[in-house]
Amino acid sequence: MPAELKRDLEKIKDDDAAKEDAFSTSLSFGTAGMRGLLGAGTNRMNIYTVRQATEGLAKLMETLDPAERDRGVAISFDPRYNSQLFAHEAARVLGAHGIKTFVFDDIRPTPELSFAVRNLHTYAGIMITASHNPKQYNGYKIYGADGGQMPPKESDLMTSYVRKVDDLFAIPVADEKELRHEKLMSIVGENVDVDYLKEAKTVNVNHDLIKEVGKDLKFIYTPLHGTGKIIARRALSDAGFKNYDAVIEQTIADPEFPTTPFPNPEFAQTFDLAIKLGKKENADVLIATDPDADRLGAAVRQPDGEYTLMSGNQIASVLLHYILQAKKDAGTLPADGMVVKSIVSTELATDIAKSYGIEMRNVLTGFKFIAEQIKNFEENHDHTFLFGFEESFGYLIKPFVRDKDAIQSTMLLAEVAAYYKKRGMTLYDGLQELYKEYGYFEEKTISEEFDGVDGQKKMADLMKNFRNHPLTSFNGVKVTALEDFQTSEKTDADGHQTKINLPQSNVLKYWLADGTWLAIRPSGTEPKIKFYVGIKADTAEAAKQRLQSYVKAIDNELLQK
């Protein structure tokens, strides 16, 4: 047993509550794999839980046709504590089953792992990361053969094999040197980088615009101590963006995240250093990618020189509008174009797509469902994928990756900023222009945490209560429809029911008479229930006031249930 786990056990040996939290349950797979605190215990991220998860993948792969199994597994990792160790432990477990692995030589972004699965033609991929969580966490994402996060059917099957592992200490692991000698473990890196960057050159829409304005556009980029430092700046340079500065302190890959304890680009504190540098350099926009570079956040300069954070919905809407308008101007907007978003993301994007004659498709939360749609489009030849996003700061422009990709998003957002700069505007001005055309949309996500041993039970009881006592009105406004994604039924106010053609999921979504929508969803990877609300109004002030009233009502009417 590693010395650090022995020390961890020593620390909690006399703390019954800590022991119960660490051992009373096991880490489970959610919408994006498993994620948890680092430490000793079955409910912690450590070499034994990583081995257990990988043993489940190995058992699944042993049921495959030999040709499928022999394609192997791509493995990448971020700069967190033990990420490289966990990646190599996974390779050792797979190697003990005679399964090939392709392990990155150093940290790489999650989207590049998704790309690597397709590029190397492997059966699966493993990404060791806790995304934007604090330093105490790590995680394990599993990817399928199409480069998307493993879909529910295979993930559930893999989980069933994981649960059959009785003794975590008896899982066989191979010697790494022997695996290298037998060519069951290969090291990859620059070869995949080159291929990824070649595809990344296709992301930008108007290359003439970048040549004209890109050299003058001033923006700030920060990888937040993460994997974006490896490839984002190469991608930006290849695209023609030269006149930008990086936040030097945050280009150091550091598992302590010393400058931003919560390396989440949706948090204002994350941008403190970027704002300081942005003001010094008079930058038009600040761009941050989270530690595994799958999420992107941005702050825009306002008329008074201050910076305001954009929400994930706002960033997605600006990107989408630009893509559709640029393609329309170039005469390349396909008649069968399709945009895909999660059911808890902004309806502004729906209205934008509709105005261009483009269909919007809603899917469950989890980017694997967007990837699933892309796969269907390619197999059925019935739609052309144009853009996909989730409100949680995840976007995908080109489907050579099958997960949210902050590298692609950085490149395109810089182009959008250049577009508005040419017009004598900022991204902030561009957003206001969209609101004037489509209406003022506001959205908010509220997370209620349920920590501790009984956290899951409290969450389950709360969701059960919502189903047993469905809302008929909320915030004084009548409910016109309820979508229950667990029963796959939509019920109108008059009791009429229609089928929801999506996989079952523990989500409730209410539609209200004033056009507001409210969704309630337990997180798949964290002990939280998330409340989402989206509104639309005729003015900015009316939108803010209405949103505030609904946020207050969530606290008073729902969290008191």
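Numbers here are sequence positions counted from 1.
A salt bridge links Asp284 with Lys421: the distance from a Lys NZ or Arg NE/NH1/NH2 to an Asp or Glu carboxylate oxygen falls below 4.0 Å. The residues Asp193 and Arg108 are annotated as salt-bridged, a charged nitrogen and a carboxylate oxygen being separated by less than 4.0 angstrom. At a threshold of 4.0 Å, the pair Lys276-Glu249 does not count as salt-bridged, since none of the basic side-chain nitrogens sits closer than that to a carboxylate oxygen. A salt bridge between Glu378 and Arg402 is present, with a side-chain N of the basic residue lying under 4.0 Å from a carboxylate O of the acidic one.
Counted within 6.0 Å of NZ on Lys444, heavy atoms from surrounding residues, nucleotides or ligands total 12 or fewer; the atom is thus considered open. Residue Lys211 places its NZ atom among 12 or fewer non-hydrogen atoms of other residues, nucleotides or ligands, all under 6.0 Å distant. Atom CZ of Arg234 is surrounded by more than 12 heavy atoms from other residues, nucleotides or ligands within 6.0 Å.
Asn376 and Glu372 form no side-chain donor-acceptor contact under 3.5 Å, judged by distance and modelled atom types alone. With no hydrogens or angles considered, a side-chain donor-acceptor pair links Glu256 and Tyr81 at under 3.5 Å. Of the N and O atoms on the side chains of Ser345 and Glu391, not one donor lies less than 3.5 Å from an acceptor on the other residue. For Arg546 and Tyr550, the side-chain atoms include no donor-acceptor pair closer than 3.5 Å. Side-chain contact of Tyr196 with Asn191: a donor-acceptor pair under 3.5 Å is absent, judged by distance alone. A donor-acceptor contact under 3.5 angstrom links the side chains of Lys341 and Asn362, judged on distance only. Checked by atom type, the side-chain pair His225/Thr259 shows a donor-acceptor distance below 3.5 Å.
Between the Asp429 side chain and the Thr426 main chain, a donor and an acceptor come within less than 3.5 Å of each other. Side chain of Arg301 to backbone of Ala283: a donor-acceptor contact under 3.5 angstrom is found. Looking only at distances, a side-chain donor or acceptor of Arg71 sits under 3.5 Å from a matching main-chain atom of His121.
In this structure, Asp254 has no side chain to side chain donor-acceptor pair (under 3.5 Å) partners at least two apart in sequence or on a different chain.
A pairwise comparison of heavy atoms in Phe400 and Glu199 identifies CE2-O, 3.5 Å as the closest pair.
A distance of 5.5 Å separates CD1 of Ile407 from OG1 of Thr289, quoted to the nearest 0.5 Å. Between atom CD1 of residue Ile554 and atom CG of residue Leu518 there is a gap of 5.5 Å, rounded to the nearest 0.5 Å. How far OG1 of Thr346 is from CD of Glu390: 14.0 Å, rounded to the nearest 0.5 Å. Interatomic distance, CG of Leu286 versus OG1 of Thr270, reported as 12.0 Å (0.5 Å rounding). Taking CG of Leu296 as the reference point, atom OH of Tyr395 lies at 5.5 Å (rounded to 0.5 Å). Distance CZ/Phe104 to CE/Met127: 9.0 Å, rounded to 0.5 Å.
When side chains are defined from C-beta on, Met45 counts as touching Leu27, because their heavy atoms get closer than 4.5 Å. Considering only heavy atoms from C-beta on, Lys279 comes within 4.5 Å of Glu306 through its side chain.
In this structure, Phe86 has its ring center at least 6.0 angstrom away from the ring center of Phe77.
Just one of Asp292, Asp294, Asp290 meets the salt bridge (Lys or Arg N to Asp or Glu O under 4.0 Å) condition when paired with Lys404; it is Asp294.
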